Each structure stands twice: as C-alpha cells, then as structure tokens.
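Since the model is a prediction, treat every value here as computed from it, not as a measurement. Reminder, nothing fancy here: chain letters follow the sequence lines and each chain counts from 1. All heavy atoms count here, side chains included; hydrogens, waters and symmetry mates do not.
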Amino acid sequence: MEEVSKLEQQRQEKLEKIKALGVDPYGSRMDGLELSTDIRAKYQEGVEGQKASCAGRIVLHRDIGKLIFMTLRDSSGTMQAGLSKGQLGDKWELIKLLELGDLVGVRGQLGRTKTGELTIWVEEIKVLAKALSQPPEKWHGLSDVEARYRQRYVDLWANPESMERFKKRIAIVASIRQFLSQRGFMEVETPMMQSQAGGAAAKPFITHHNALDMDLFMRIAPELYLKRLLVGGMEKVYEINRNFRNEGIDTSHNPEFTMMEIYQAYADYNIMMDLTEAMVSSLVEKYCESKTIAFGDMNIDFSTPWRRATYAELLKEHSGCDISDIAAIREKAKQLGINCVNKDDWVVINDVFEETVEESLVNPTFVIDYPAVLCPLTKRKTSDPQWAERFELFIGRMELANAYTELNDPAVQYENFKIQLRGQDETMATMDDDFITALKYGMPPAGGLGVGIDRLMMVLTGVKSIRDVVLFPLLKPNA
RNA sequence: GAGGGUGUAGCUCAGUAGGUAGAGCAACGCACUUUUAAUGCGUAGGUCUUGGGUUCGAGCCCCAACACCCUCACCA
C-alpha cells in the first residue's frame, strides 16, 4: 500500500470506531428507497407527515450540537436529512462519526424546517459506505480538468452539472433508439474486431488473437457489415457502438468514439437527410431550452428547414471559385498556402473546400453532391456521374454526419476499392472480397447514414470538448 | 509533430524584488436543537510535479523530463 495521508488516517480511525459500535461501515441492501426528486414531487402533492427513505452521499454537513443537518446527494438531486439528539440519542455516537463524503441511507418523517427546506427527520440511519478519501471542496467542487477526467467517479457527484450532462447524453441516446424503433429500424451488433478494417479511410488499432495466431483490427466503421445485412434481407438496420481510430487526439477526436450508422433499403440520401433533420430536431425540441444553442463563441440556430447546398455551390460561395475552373482553384489553393505539388485536381479542390467552406458552417447545413472520386462507397448521380449522392451535415463548424445513397453495383465497387488501394498504404486499405461477393448476390438500393454521437452530444449540451461528453476519455497514465 | 499555458496543503487558489510557505473550505478541539457554503473561538496540516543547474540562499531564475489544457498541424 502507498503511504496514507493524515486525513485518511483520521477517517480510518472513525471507521474503526464505527466497527467498535457494532455497525458495519460498508452496509448492505436498502429497500424502499426513493429518489430525492421523487420525494420532492410527492411532498408537493400534500402528503403531510408521510415517511420517506433516501440514500446518498453527504455533501454538506451542519452540526449545531444536538442537531445535525446533512445534505444527501443521490443521482437525481439532493435531500436534507435532519438528525436530532432527542430522537436519536442511542445512535448519537455513531451519527457524530459521520462526515462529508460518506454514503448513508435514512428513513423518517417528511417535514419542513422553519426556513421551508424539505427535510427527512431521521428515525433510522444506516452507514452504506464510509469514505476514506477527503471529498473536494463543497463550494467549488472538483475543477481541475485533469482530475475530473481521471476521477470521473468524483466529478459526477462533486460537480452536479457533469452528472446532468451525462444523464442528458444517456436520455438522448435512448430517445434516438426510440425514434428509430418507432420507424421500424432494428438495432444490430456487428464485429468490433475485424480481419480487415474497412468502411472508412482511417488508421486502425491492431490487436492479436493468440489461439488463432492472427492480427485483428479494431473496427474503424461498421459500414461494410451493416450493408451485408441489407443483402441478407434486413431492410432497416442501425448500430450505435464504438469505432476506433488510431489518430490524433484533440477537442473533437477521442480514439474510441460512438458512431451511429443507419441503413434503409429502397431509400436514398434524400430520405436520410429528412430522417437526420427530423431526428436531431426532435432531440433539440425535447432536450434543449430553445432552438438556438450556444456553442463556444457560436450560436447555433437549429430552426428548420436546414440549408441544403451543393458542394460546388458552397465552394463558389466561399472561395469564389467555379468548381470546373481548376486553374482558379489551384491559384486559390496557393493563396491559402495549401501544398498542391503532385496532388490530384480533386484533392486540391477538396483542400480548398475544407479550408474555405467548413469554417463558416455554424448552423446545421447539409453539404450535398460530393465529387464522386472522393466517395468510393457511394452511388453516382444518374444525371451527372461526376457527382456522388452524398451529404455531410455540418453543425458548429464540425462534421456531424455523413450519408449517401449506397453503391450497390459490385463491379463499380470493385473498381473503386482498387483505386482506393493505390497510394493509401497508411490507412492499410485492403480489398474486401467478401463484401464484393455479398454485393454480387444483390444489395437493394439504400440510403446510409453515419452520425458522430459524441459530437452530437457536444452541440446539444453546448460543450467544446469531446472529453466532456465521454465518461472516461483516454488519458496517458500519470504515475 | 510545432508553439503557448498550467502544475504550491485533501480541495479551490494567492505567493511581492531570489531571503524561514499563505488564505478560504475540509480536518482536529470547544460551544451551540431549525441550519442552508451554518456560526464563533482555538489547533494542526507542505518532498512547492520530478530530476539536474546557477546562487551564501530557489516555490520564484536556467536546463531537462512527465502530465494536463489551449492553438495549429494530422484526421474523407
């Protein structure tokens, strides 16, 4: 064991005293508990003198001698417990040993103090867990950013807004599932460990299976498996699960992040656009105060309909260049300081697009009809095959969603894979022959959509760091 | 990968010009039966992230390392 601080020693001594009183400092099951918010709601209905029981952590402690007030925090909020020596004389020695950070359960009669605070006047008290570590300061909470990520188990109760944010995330994901279920989508699970990492261009994590003596990749996307399910006859499927990408870490990238992918047979990217707008709007409606959400220095207006503008249109609007005028675009790229040497025209165009357009996409905007060469898994527009039926949704200058009309022609898909393989060694792209085989059995035309759930949570909760919406973001070990 | 910032008591933070380390909260002791960050009086609490260096003397200056934050780069 490591050395123990004086504060911890003092707490350890109290624990021993609790044991000496014949009380288990790590109590067991408690029945009949109610959440503090439920007790408040019940009391408002005028249930005078009713008994209630509640369990939580002591986050405030006011000792007035023969009377002690404790504020208990549970997952829903706080509840005051009042303990009087007159009523609890036989337990007073134990009660005096309880302190900030301890988990206790109380049962007693509801009432109000003369200042109007709803209070459980304690008749029974149970020690549920003695805290040996000193809790953070009661007023400021835990504000050290690193500590809040490393010790989320403290952050969640020391900073109520942190708990609220994660509860909101959980509720939003539940609402998404409900939204999709109501529309007939089935939630499925596809492999996280894959013998080849396909469906996106990203660097995968590599792991090893000992018994099979083979390397495996943590998935970078579920796409190719979900499409196999379309071939199998599942017409409306989705998956909400983790993807893993072995790339840089910053305020909008965590190495493991939650992706939702949705596929609908016989649909196209227009239907996925409508679905996205309807789903996110319903979440804003249900979980946000207004249709305008503050996000860093931005105010995002979620009012519908959201703008739908073509890639070429937006390029013209923000760079001043016509997409067919390669000379002008290369000139613009030079002005922007983009290195164009040995770069394909379309790559330069996309660099200029990212540099000039994405910066300005604050309110939800569907960027539609991408250059087909940038979209190896997307069906081309029949009216003009140089464009692909793809959209990306930008909100708050971030890419939040990516969707397309799925390419279901195995011959074209095969060629696209071959092209993609050239010069993409770092992404370890491989030919997925089995996926081509699946397409050869016939995949229905379909719309497919991917939504970055963490980023969606960022804009819906108004926080600028992905680490504030991921319970346990990746950090280096610090000891 | 580049640049900038932060690291001091359990927590939140000060620390002047390089001269014995400070406050609030928490803790400990005393008082108090309706408090709301309870209050009043008193006590104790430190490897100043780590390792070097300069100096008579370093929390402070210099070098290096580590972690975190921010910006940029990377990221279809």
Side-chain angles (χ1 to χ4, degrees), chain A residues 3-11 13-14 58-71 78 80-89 92 99-101 111-119 121 131-151 154-155 158-159 199-203 220-221 245-255 257 296 311 337-339 346-347 350-351 353-354 358 367 370-371 373-378 388 390 392 398-399 402 404 420 424 426-427 429 450 452 464-465 467-468 473-479:
Chain A
E3 61 184 282
V4 173
S5 74
K6 258 177 196 161
L7 289 170
E8 186 168 338
Q9 276 177 36
Q10 285 173 357
R11 283 175 172 260
E13 283 162 20
K14 287 187 184 178
I58 303 173
V59 291
L60 292 173
H61 186 271
R62 297 175 287 280
D63 184 342
I64 325 221
K66 296 186 180 65
L67 183 67
I68 294 174
F69 290 104
M70 297 174 177
T71 301
T78 58
Q80 177 165 273
L83 302 95
S84 99
K85 191 175 183 183
Q87 189 156 22
L88 295 160
W92 204 243
E99 60 193 323
L100 290 173
R112 289 196 185 271
T113 61
K114 66 183 181 190
T115 50
E117 180 77 16
L118 184 61
T119 302
W121 290 104
L132 293 173
S133 297
Q134 192 70 22
E137 203 213 6
K138 60 191 179 186
W139 188 241
H140 296 93
L142 187 64
S143 63
D144 180 70
V145 178
E146 185 177 353
R148 290 184 44 229
Y149 298 152
R150 287 192 194 280
Q151 298 187 285
V154 177
D155 173 53
N159 299 315
K203 292 173 215 164
I220 55 175
R245 296 189 182 178
N246 205 340
E247 291 160 359
I249 297 178
D250 62 31
T251 48
S252 58
H253 295 81
N254 196 53
F257 62 100
Y311 187 92
I338 296 168
N339 178 16
W346 284 113
V347 175
N350 202 44
D351 285 350
F353 183 90
E354 289 181 357
E358 295 187 359
V367 180
Y370 276 68
V373 293
L374 300 175
C375 314
L377 296 157
T378 311
R390 170 182 181 181
E392 287 194 359
M398 279 191 303
E399 179 195 334
N402 181 20
Y404 22 91
Q420 195 185 9
Q424 289 222 1
E426 68 169 11
T427 63
K464 284 290 282 180
S465 173
R467 295 175 208 101
D468 290 321
L474 185 72
L475 297 175
K476 289 189 181 182
N478 75 338

With heavy atoms under 4.0 Å as the rule, sort [X] into base, sugar-phosphate or nothing.
| X | value |
| --- | --- |
| Asp63(A) | base |
| Leu7(A) | base |
| Lys14(A) | sugar-phosphate |
| Thr251(A) | sugar-phosphate |
| Ile68(A) | nothing |
| Gly141(A) | sugar-phosphate |
| Glu117(A) | base |

Practice task
Just do the side-chain contact (heavy atoms from CB on, under 4.5 Å) check on Ile68(A) and Arg62(A) with the steps written out, would you?
Solution key: CA-CA 6 Å; Ile68(A) 294 174; Arg62(A) 297 175 287 280; over 6 Å; no
Practice task
Examine C13(B): is either OP1 or OP2 under 4.0 Å from a nitrogen or oxygen in the side chain of Ser143(A)? Give yes or no.
Solution key: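 So the side chain of Ser143(A) is within the cut-off, an N or O lying under 4.0 Å from OP1 or OP2 of C13(B).
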Handout entry: Under-4.0 Å side-chain N/O to phosphate OP1/OP2 contact, Arg245(A) with C74(B)
Key =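 Answer is no, no contact under 4.0 Å.
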Practice task
For U12(B) versus G53(B), give the span between their P atoms, rounded off to a whole number of Å.
Solution key: 33 Å
Problem - Minimum-distance pair of heavy atoms, taken over all atoms of Ala131(A) and Arg11(A) - result: O-NH1, 2.9 Å
Practice task
Hunt down any stem RNA chain B takes part in, defined as 3 or more consecutive Watson-Crick or G-U pairs whose two distances are each under 3.5 Å.
Solution key: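 Ordered by first number, the stems with RNA chain B (at least 3 consecutive pairs each) read B:1-7 with B:66-72, B:10-13 with B:22-25, B:27-31 with B:39-43, B:49-53 with B:61-65.
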Exercise for the section: Specify the residue among Asn402(A) and Arg467(A) whose closest nucleotide of RNA chain B lies further upstream toward the 5′ end. Expected result: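 Nearest nucleotide further toward 5': that of Arg467(A).
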Practice task
Please determine, by modelled atom types, if Asp155(A) and Gln151(A) share a side-chain donor-acceptor pair under 3.5 angstrom.
Solution key: no
